[in-house]
S.K.: 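Next up is a structure, given as structure tokens.
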Amino acid sequence: MRLTPQRTGVSKALAKDSPLWRLDWILLLAGLALSMCGSLLVWSATRGRDNLTHGDPQYFLYRHLTNFVIGLVLCAVVIAIGARRFRTLVPFVYVAVILMLLATLSPLGSTVNGAHSWIQLGGGFSIQPAEFAKLGILLSMAVVLSDQVDAGEREFPSHRAVFRGLIWACLPMGLVLLMPDAGSTMVMSAIVLGILLGSGAANRWVLGILAAGVAGSIAVWKLGLLSKYQIDRFAAFANPQLDPNGVGYNTAQARIAIGSGGLTGKGLFHGTQTIGQFVPEQQTDFVFTVAGEELGFVGALAIILLVGVILWRACRIARQATDLYGTIVAAGIIAWFSFQAFENIGMCLGIMPVAGIPLPFVSYGGSSMFAVWIAIGLLQAVRSQRPIAA
């Protein structure tokens, strides 16, 4: 009779030691919910645009779902590899990212919306290496800043380690800026700051980076390094009434669409601004306007809350990580998702300049979907490292 409790205890121990038990299911479900919601919003934004769908109303829906499934597979692969083993692959990931960025700047790259930041693969498929560059910066800095600390040689990263980490980050950021892709560069800068804060690096580095960012922005503006379309976007942000039918058109139409949704929206597939195709790039950069118009304040708030759930779970993983490498990876992802979501939603509301960056998990785009689900896989892998109490 005494064997039964012991067997039960063994069964529980085995269950707790299983990979599925170690997953953060709240984090996973929040990401799944956002991606599925994005599928519906992308479908609504594109089903009536024959010039984009080639006459197939489900064209973007199927492609978005395909990207979603591939993202889940990549997430599962990262989890299966594990955080420690994946750490050994970081140099190869970094080199691959640099090669992709160089290929983008070569004749192999193509220009979309003023940025030479895409590689066309044929068959209507393309990749945006800048999305994977975020992962390259995140992982390379995590390795460099955590090596001595995780080896027990230091309590916090040395100044030398921070300097080396910034050098590793500057190369991909510089290549992305040459495209020019100011939006992705802004996200990468946020990732670097998040990493420095999460690593416990000296405050002087954080203050120095902020000062350098301000000085660099002024220099870029004064030296005329920004393209005309980028200058126009900042001008429209500073003065929304400057040219509502020109450079300010996107933001003006986005605010009209969101404002017309009211509390509960006009209903999925019934948004007049969406049906009328008044908002440009609505399936990518301005997908949040579909939620605002068709799902109203309630639906838009639900998307924001789901993003908040992901950030909450990532913060828990960062605090409970068993090594500094895991903490830095989680901190970088927190900075990445929070800034990118704030910038995307903010530009739809007119409180941030238009920067051309997607809403994580929601906007259409394979490269973005793959990158964010790889990041979820990294968070799950970091969480799986920690010991599970019996």
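Residue numbers run from 1 in the order of the sequence given. All values derive from a computational prediction rather than experimental measurement.
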S.K.: Once you round to the nearest 0.5 Å, how far does CH2 of Trp25 lie from CG of Leu28?
M.R.: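 Between Trp25 CH2 and Leu28 CG, I get 5.5 Å after rounding to 0.5 Å.
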S.K.: Is there side-chain contact between Leu210 and Leu193, with heavy atoms separated by less than 4.5 Å?
M.R.: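 They are in side-chain contact.
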S.K.: side-chain contact (heavy atoms from CB on, under 4.5 Å) for Met141 and Leu166? Distances and angles first, verdict last.
M.R.: CA-CA 7 Å; Met141 288 192 70; Leu166 292 175; 4.1 Å; yes
S.K.: Would a single hydrophobic cluster contain both Val298 and Ile304, if residues Ile, Leu, Val, Met, Phe, Trp and Tyr are joined by side-chain heavy-atom contacts under 4.5 Å?
M.R.: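 Hydrophobic grouping puts Ile304 apart from Val298.
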S.K.: For the side chain of Thr327 and the backbone of Ala318, is there at least one donor-acceptor N/O pair under 3.5 Å apart?
M.R.: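 Yes, because the side chain of Thr327 sits within donor-acceptor range (under 3.5 Å) of the backbone of Ala318.
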S.K.: Step by step, work out the side-chain contact (heavy atoms from CB on, under 4.5 Å) result for Leu359 and Leu34.
M.R.: CA-CA 10 Å; Leu359 181 58; Leu34 273 177; over 6 Å; no
S.K.: Are Leu349 and Leu295 joined in one hydrophobic group, where the rule is that I, L, V, M, F, W and Y side chains link up if heavy atoms are under 4.5 Å apart?
M.R.: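 Both belong to a single hydrophobic cluster.
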S.K.: Only one of Val95, Leu135, Leu138, Val143 forms a side chain to side chain contact (heavy atoms under 4.5 Å, CB included) with Val90, so which one is it?
M.R.: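 Answer after filtering Val95, Leu135, Leu138, Val143: Val143.
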S.K.: Would Ile70 end up clustered with Met369 when hydrophobic side chains under 4.5 Å apart are linked, directly or stepwise?
M.R.: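 Linked within one cluster.
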S.K.: Could you go through residues 74-82 and list every donor-acceptor pair under 3.5 Å that involves a side-chain atom there, pairing it with any protein atom two or more places apart or in another chain?
M.R.:
none

S.K.: Mark yes when over 12 heavy atoms from residues, nucleotides or ligands other than Phe269 sit less than 6.0 Å from its CZ; otherwise mark no.
M.R.: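 Correct, the count exceeds 12.
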S.K.: Kindly write out the residues that satisfy ring-ring contact (aromatic ring centres under 6.0 Å, His included) with Phe286, not counting sequence neighbours, or none if the list is empty.
M.R.: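 In terms of ring-ring contact (aromatic ring centres under 6.0 Å, His included), with neighbours along the sequence ignored, Phe286 is linked to no residue.
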S.K.: Give a yes or no on whether the backbone of Ala335 and the side-chain of Ser338 come within a donor-acceptor separation of less than 3.5 Å.
M.R.: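 It does hold such a pair.
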S.K.: Any donor-acceptor pair under 3.5 Å linking the side-chain atoms of Trp205 with those of His159?
M.R.: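 Yes, side-chain donor-acceptor contact under 3.5 Å.
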S.K.: Using the rule that two of Ile, Leu, Val, Met, Phe, Trp, Tyr join whenever any of their side-chain heavy atoms come within less than 4.5 Å, decide whether Phe60 and Ile275 are in one cluster.
M.R.: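 No: no chain of side-chain contacts under 4.5 Å links Phe60 to Ile275.
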S.K.: When you measure from the side chain of Glu293 to the backbone of Thr274, do you find a donor-acceptor pair of N or O atoms at a distance under 3.5 Å?
M.R.: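 The answer is yes, because a donor-acceptor pair under 3.5 Å joins these two groups.
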S.K.: Output the distance between atom OG1 (Thr46) and atom CD (Gln58), rounded to the nearest 0.5 Å.
M.R.: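 The distance works out to 9.0 Å.
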S.K.: Checking Arg47 against Tyr59: is there a side-chain donor and acceptor pair closer than 3.5 Å?
M.R.: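 No, Arg47 and Tyr59 have no side-chain donor paired with an acceptor closer than 3.5 Å.
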S.K.: Side chain of Asp181, backbone of Val176: donor and acceptor closer than 3.5 Å?
M.R.: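 Between the backbone of Val176 and the side chain of Asp181 there is no qualifying donor-acceptor contact (under 3.5 Å).
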S.K.: Filter on salt bridge (charged side-chain N to carboxylate O under 4.0 Å, His left out), then keep only pairs touching residues 82-103, sequence neighbours left out; what's left?
M.R.: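 Salt bridge (charged side-chain N to carboxylate O under 4.0 Å, His left out) check on residues 82-103 returns Arg87-Asp147, Arg87-Asp150.
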S.K.: Do Asn67 side-chain atoms and Tyr364 backbone N/O form a donor-acceptor pair below 3.5 Å?
M.R.: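 Looks like no, no N/O pair under 3.5 Å.
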S.K.: Which heavy atom of Val144 sits nearest a heavy atom of Gly165, and at what distance?
M.R.: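 Result for this residue pair: CG1-N, 3.7 Å.
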S.K.: Measure the acute angle between the ring planes of Trp373 and Phe361, then classify it against the limits of 30° and 60° as parallel, tilted or perpendicular.
M.R.: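 It falls in the perpendicular class, over 60°.
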S.K.: With sequence neighbours excluded, what pairs up with Glu131 under the salt bridge (Lys or Arg N to Asp or Glu O under 4.0 Å) test?
M.R.: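 Per chain and number, Glu131 pairs via salt bridge (Lys or Arg N to Asp or Glu O under 4.0 Å) with Lys134.
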S.K.: How about Thr284 and Val42: do any of their side-chain heavy atoms sit closer than 4.5 Å?
M.R.: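 In short, these two side chains do not touch, never coming nearer than 4.5 Å.
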S.K.: Is it the case that the side chain of Glu294 and the backbone of Gly271 share a donor-acceptor pair, with hydrogens and angles ignored and the cut-off at 3.5 Å?
M.R.: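 Checked: pair present.
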S.K.: Determine yes or no for a side-chain-to-main-chain donor-acceptor pair under 3.5 angstrom, with Gln340 supplying the side chain and Pro358 the backbone.
M.R.: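 Checking the backbone N and O of Pro358 against the side chain of Gln340, a donor-acceptor pair under 3.5 Å is found.
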S.K.: Which heavy atom of Met173 sits nearest a heavy atom of Ser189, and at what distance?
M.R.: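 Between these two residues, the closest heavy atoms are CE-OG, 3.3 Å.
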S.K.: Distance check, rounded to the nearest 0.5 Å: Gln385 atom CD versus Asp323 atom CG?
M.R.: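 Going from the CD atom of Gln385 to the CG atom of Asp323 covers 5.0 Å.
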S.K.: Roughly how far, to the nearest 0.5 Å, is CG of Leu40 from CG of Leu61?
M.R.: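 It comes to 7.5 Å.
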S.K.: Is any side-chain heavy atom of Cys348 less than 4.5 Å from a side-chain heavy atom of Ile258?
M.R.: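 SC-SC contact between Cys348 and Ile258 confirmed.
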S.K.: Answer yes or no: is there a side-chain heavy-atom contact under 4.5 Å between Pro129 and Ile119?
M.R.: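 Yes, side chains in contact.
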S.K.: How about Gln120 and Ser110: does a side-chain donor come under 3.5 Å of a side-chain acceptor?
M.R.: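 Checked: Gln120/Ser110 side chains pair up, N/O donor to acceptor below 3.5 Å.
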S.K.: With a 6.0 Å cut-off on ring centres, are Tyr94 and Trp168 close enough?
M.R.: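 Yes, close enough.
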S.K.: Would you confirm whether His270, through its side chain, and Leu268, through its main-chain N or O, come within 3.5 Å as a donor-acceptor pair?
M.R.: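 A pair under 3.5 Å: yes.
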S.K.: Give me the atom names and distance for the closest heavy-atom approach of Gly332 to Ile191.
M.R.: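 For Gly332 versus Ile191, the nearest heavy atoms are O-CG1, 4.0 Å.
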S.K.: If you link I, L, V, M, F, W and Y whenever their side-chain heavy atoms are under 4.5 Å apart, who else ends up in the same group as Ile26?
M.R.: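 Once heavy-atom contacts under 4.5 Å are chained together, Ile26 belongs with Val309, Trp312.
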S.K.: Output the distance between atom CD1 (Ile137) and atom SG (Cys170), rounded to the nearest 0.5 Å.
M.R.: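 One finds 8.5 Å between CD1 of Ile137 and SG of Cys170.
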S.K.: Test side-chain contact (heavy atoms from CB on, under 4.5 Å) on Asp285 and Met347 and set out the steps.
M.R.: CA-CA 9 Å; Asp285 300 344; Met347 72 183 189; 3.5 Å; yes
S.K.: Spell out, yes or no, whether Leu301 and Ile303 are grouped together once hydrophobic residues are joined by side-chain heavy atoms under 4.5 Å, including indirect joins.
M.R.: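 Shared cluster, no.
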S.K.: With the side chain counted from C-beta on, respond yes when Val372 and Phe337 share a heavy-atom pair under 4.5 Å apart, and no when they do not.
M.R.: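 Yes, side chains in contact.
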S.K.: With the side chain counted from C-beta on, respond yes when Ile334 and Cys315 share a heavy-atom pair under 4.5 Å apart, and no when they do not.
M.R.: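 Of all side-chain heavy-atom pairs linking Cys315 with Ile334, at least one is under 4.5 Å.
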S.K.: With a 4.5 Å heavy-atom cut-off, do Leu139 and Tyr325 have their side chains touching?
M.R.: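 Touching, per the 4.5 Å side-chain cut-off.
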S.K.: Does Asp24 have any side chain to side chain donor-acceptor pair (under 3.5 Å) partners at least two apart in sequence or in another chain, and if so, which?
M.R.: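 Arg313.
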S.K.: Is the shortest side-chain heavy-atom distance between Ile256 and Gln253 below 4.5 Å?
M.R.: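 Side-chain contact under 4.5 Å: yes.
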S.K.: Over all heavy atoms of both residues, which pair between Ala371 and Phe132 is shortest? Give the atoms and the distance, please.
M.R.: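 It is N-CE2, 4.4 Å.
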S.K.: Could you report the tightest heavy-atom contact between Glu155 and Val149, atom names first, then the distance?
M.R.: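 Between these two residues, the closest heavy atoms are O-CG1, 3.7 Å.
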S.K.: Checking side-chain hydrogen bond (donor to acceptor under 3.5 Å, both in side chains) for the pair Ser363/Gln283: CA distance, chi angles, key distance, verdict?
M.R.: CA-CA 6 Å; Ser363 292; Gln283 75 275 17; over 6 Å; no
S.K.: Check Ile357 against Ser184 and note the closest heavy-atom contact, atom names and distance.
M.R.: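 Scanning both residues completely, I find the closest heavy atoms to be CG2-N, 3.9 Å.
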S.K.: What is the distance from atom CG of Leu101 to atom CG of Leu178, rounded to the nearest 0.5 Å?
M.R.: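 Taking CG in Leu101 and CG in Leu178, the distance rounds to 10.0 Å.
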S.K.: Side chains of Thr289 and Gln273: do they bring a donor and an acceptor to under 3.5 Å?
M.R.: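 No donor-acceptor contact under 3.5 Å links the two side chains.
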S.K.: Does Leu41 offer a backbone N or O that forms a donor-acceptor pair with the side chain of Ser44 under 3.5 Å?
M.R.: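 Flag not set: sc Ser44 to bb Leu41 has no pair under 3.5 Å.
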S.K.: Applying side-chain contact (heavy atoms from CB on, under 4.5 Å) to Arg316 and Leu27, what does each step give before you reach the verdict?
M.R.: CA-CA 10 Å; Arg316 284 176 57 89; Leu27 171 66; over 6 Å; no
